[in-house]
**Student:** 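If you scroll down you'll find the structure; I have some questions about it.
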Amino acid sequence: MERKTVFSGLQPTGNVHVGNYLGALRNWVKLQDDYDCIYCIVDLHAITTEYDIAHFANDRRGAAKVLMACGVDPERSLFYYQSQVPQHTELAWILGTITGTGQLSRMTQFKDKADKAGSNLGLFAYPVLMAADILLYRADAVPVGEDQKQHLELTRDLAERFNSRFGDEFPVPDPIIPEHGARVMSLQDPTAKMSKSDPDEGSRILVLDDPDTIRAKLKRAVTDSGSEVRLDWETKPGVSNLIEMMSLFTGTAIADIEAEYGSGGYGRFKEAVAEAVIAGLAPIRSAYRNLDDAEVERLMQRGALDARTKAEGFQQKVRKRVGLAG
Ligand code: AMP
Ligand code: TRP
């Protein structure tokens, strides 16, 4: 049987955090066993908000290295920088012609970002480029965290709209969102998601943070009133976030964590969470140290070359469908 295709992307600005890891990257890595996987550092998405121009190329390579250290394997998956495959933007333009501006203006991520930093056409069209990323390769499934659900809905709408207007071309892709870890919360405000753009470094744990930094961030993590270690997202969002994190890093059931730490107080529990996170991230940190920059860049260039060939084959069909081929 033909293998199904998986596509996903990650923005290179800011460092990769445990929310990215637990919400998306762990699935990226696992899916490589059973699917044809295509993974992309989405640099064109990242330039829709403020970014550090001088360090961008370096940050981009840093993100590629972290992903490889997590287990994204360029020998098994197609892995490259989005801007090096121009078919993404070509398809985005075409999909833009069937996208309602009303629907785009209702995207919550657009509204959030536009409120904070002001709007621009790239930010407005961001979800259309994401749909193009996915549909370009006829992906069947897309591993993401919960915050990308609305963008996936738009992608599904666009696939259906394109198919009914121009003929059946795109499968309608399904999101793959983990049952736990799909929305890891900020350590400083457990009602907001952990995010790369939060100015407070203490709000997130980076995949490459050293053990002392992780201990310090968890020590400072906001907990709730009371002292009982129990999962209850309504009244104990801070503690619940830490319980979930510990469960995912150790593979221990939530009930067992509650039984062991329930009445021992927050201090002891936070120390145990720190040790669990440190142990879980240790293999990634050491894999990262063994990666060579020049070799990573060579692999990314090779990935882009392969991706361009594949993408061009698919785009020829799209051009024909919409009447752009002779
Ligand atoms: P980004 O850093 O925005 O490019 O996100 C890369 C992937 O990580 C996407 O699939 C997001 O849905 C996921 N992600 C980002 N933040 C979180 C979070 N706090 N919890 C779970 N998943 C997340
Ligand atoms: N918008 C996604 C995010 O911020 C990144 C992304 C871009 C993506 N293109 C994609 C994710 C295609 C999945 C599939 O996290």
Side-chain angles (χ1 to χ4, degrees), residues 5-29 31 37-49 51 59-60 62-64 66-67 70 72 78-83 85 88-89 91-92 95 107-110 112-113 122-123 125-156 158-159 173-198 203-207 237 241 244-245 248 307:
T5 300
V6 155
F7 182 95
S8 200
L10 173 126
Q11 300 189 64
T13 33
N15 280 315
V16 179
H17 54 67
V18 294
N20 298 132
Y21 179 65
L22 298 174
L25 299 176
R26 284 198 337 164
N27 270 341
W28 290 26
V29 172
L31 289 163
C37 293
I38 304 168
Y39 296 132
C40 201
I41 304 286
V42 290
D43 47 7
L44 294 175
H45 279 103
I47 64 171
T48 57
T49 47
Y51 67 103
D59 290 350
R60 193 172 74 165
V66 174
L67 265 52
C70 287
V72 171
L78 204 46
F79 185 41
Y80 63 95
Y81 302 125
Q82 180 190 38
S83 64
V85 179
H88 286 259
T89 43
L91 181 56
L95 293 177
M107 293 286 133
T108 53
Q109 197 164 309
F110 168 69
D112 282 356
K113 289 187 181 177
L123 193 61
Y126 177 116
V128 183
L129 178 58
M130 174 163 164
D133 297 340
I134 296 165
L135 300 180
L136 177 59
Y137 299 102
R138 294 7 174 207
D140 302 289
V142 185
V144 281
E146 209 221 27
D147 61 346
Q148 297 303 310
K149 229 173 167 171
Q150 195 184 28
H151 290 160
L152 249 295
E153 276 306 314
L154 175 77
T155 305
R156 293 167 58 89
L158 290 179
D174 289 313
I176 300 179
I177 297 175
E179 198 181 329
H180 296 287
R183 192 172 170 80
V184 177
M185 307 311 278
S186 156
L187 299 182
Q188 290 303 313
D189 173 8
T191 62
K193 69 168 182 176
M194 185 178 284
S195 142
K196 284 174 179 163
S197 56
D198 191 323
S203 69
R204 59 185 164 264
I205 296 173
L206 303 182
V207 164
N241 193 36
E244 190 159 89
M245 213 182 279
L248 290 165

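In this text, all values refer to a predicted model and were calculated from it rather than measured experimentally. Indexing begins at 1, ligand by ligand and atom by atom, following the structure's order.
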**Student:** I need the contact type for Val144 against ligand 2. Using non-hydrogen atoms and a strict under-4.0 Å cut-off, is it side chain, backbone, both or neither?
**Tutor:** side chain
**Student:** Could you check atom 10 (C) of ligand 2 against the protein and tell me its nearest heavy-atom contact, residue, atom and distance included?
**Tutor:** Met130 CG, 3.5 Å
**Student:** Check each atom of ligand 2 against the heavy atoms of Ser8 and keep those under 4.0 Å away; list them by number with element.
**Tutor:** 11 (C), 13 (C), 14 (C)
**Student:** When you pair each N or O of ligand 1 with protein N or O atoms, which pairs come out under 3.5 Å?
**Tutor:**
| from | atom 1 | to | atom 2 | distance (Å) |
| --- | --- | --- | --- | --- |
| ligand 1 | 2 (O) | Asn20 | ND2 | 3.1 |
| ligand 1 | 2 (O) | Lys196 | NZ | 2.7 |
| ligand 1 | 4 (O) | Gln11 | N | 2.9 |
| ligand 1 | 5 (O) | Asn20 | ND2 | 3.4 |
| ligand 1 | 8 (O) | Asn20 | ND2 | 3.1 |
| ligand 1 | 10 (O) | Gly145 | N | 3.2 |
| ligand 1 | 12 (O) | Gly145 | N | 2.9 |
| ligand 1 | 12 (O) | Asp147 | OD1 | 2.4 |
| ligand 1 | 19 (N) | Val184 | O | 2.8 |
| ligand 1 | 19 (N) | Met194 | O | 2.9 |
| ligand 1 | 20 (N) | Val184 | N | 2.9 |
| ligand 1 | 22 (N) | Gly19 | O | 3.1 |

**Student:** Below the 3.5 angstrom mark, is there an N/O of Asp133, backbone or side chain, next to an N/O of ligand 2?
**Tutor:** yes
**Student:** Can you sort out which atoms of ligand 2 are near Phe7, meaning under 4.0 Å from one of its heavy atoms?
**Tutor:** 12 (C), 14 (C)
**Student:** Donor-acceptor pair, Asn241 side chain versus Pro190 backbone, under 3.5 Å?
**Tutor:** no
**Student:** Counting only N and O atoms by type, is there a donor-acceptor contact under 3.5 Å from the side chain of Arg26 to the main-chain atoms of Gly23?
**Tutor:** no
**Student:** Which atoms of ligand 2 sit under 4.0 Å from any heavy atom of Ile134?
**Tutor:** 12 (C), 14 (C)
**Student:** Could you tell me the residue and atom name of the protein heavy atom closest to atom 5 (C) of ligand 2, and the distance to it rounded to 0.1 Å?
**Tutor:** Gly9 O, 3.7 Å
**Student:** Ile134 vs Leu152, test: side chain to side chain contact (heavy atoms under 4.5 Å, CB included). Steps then yes/no.
**Tutor:** CA-CA 9 Å; Ile134 296 165; Leu152 249 295; 4.3 Å; yes
**Student:** Which bit of Leu10 gets closer than 4.0 Å to ligand 2, counting heavy atoms only: side chain, backbone, both or neither?
**Tutor:** neither
**Student:** Taking the basic N atoms (NZ, or NE/NH1/NH2) and the acidic carboxylate oxygens, is any pair closer than 4.0 Å for Asp147 and Lys193?
**Tutor:** yes
**Student:** Which residue and atom name correspond to the protein heavy atom nearest atom 2 (C) of ligand 2, and how close is it?
**Tutor:** Gln148 OE1, 3.4 Å
**Student:** Considering non-hydrogen atoms of the protein only, which is the closest contact for atom 1 (N) of ligand 2, and what is the distance?
**Tutor:** Tyr126 OH, 2.8 Å
**Student:** Which atom pair, heavy atoms only, marks the closest approach of Thr155 to Pro173?
**Tutor:** CG2-CG, 3.9 Å
**Student:** Could you pull out all residues at least two apart from His17 that satisfy ring-ring contact (aromatic ring centres under 6.0 Å, His included)?
**Tutor:** none
**Student:** Would you say the side-chain atoms of Asp140 pair up with the backbone N or O of Thr5, donor to acceptor, closer than 3.5 Å?
**Tutor:** yes
**Student:** Which label fits Phe7 and His88: parallel for a plane angle under 30°, tilted from 30 to 60°, or perpendicular past 60°?
**Tutor:** tilted
**Student:** May I ask you to decide if Val184's main-chain N or O and Glu244's side chain share a donor-acceptor pair within less than 3.5 Å?
**Tutor:** no
**Student:** Take His180 and Leu248 through the side chain to side chain contact (heavy atoms under 4.5 Å, CB included) test and state the conclusion after the steps.
**Tutor:** CA-CA 8 Å; His180 296 287; Leu248 290 165; 4.0 Å; yes
**Student:** Is it the case that the side chain of Asp43 and the backbone of Ser83 share a donor-acceptor pair, with hydrogens and angles ignored and the cut-off at 3.5 Å?
**Tutor:** yes
**Student:** Considering Ile41, Val142, Leu129, Thr155 one by one, which has a heavy atom nearer to atom 14 (C) of ligand 2 than any of the others?
**Tutor:** Val142
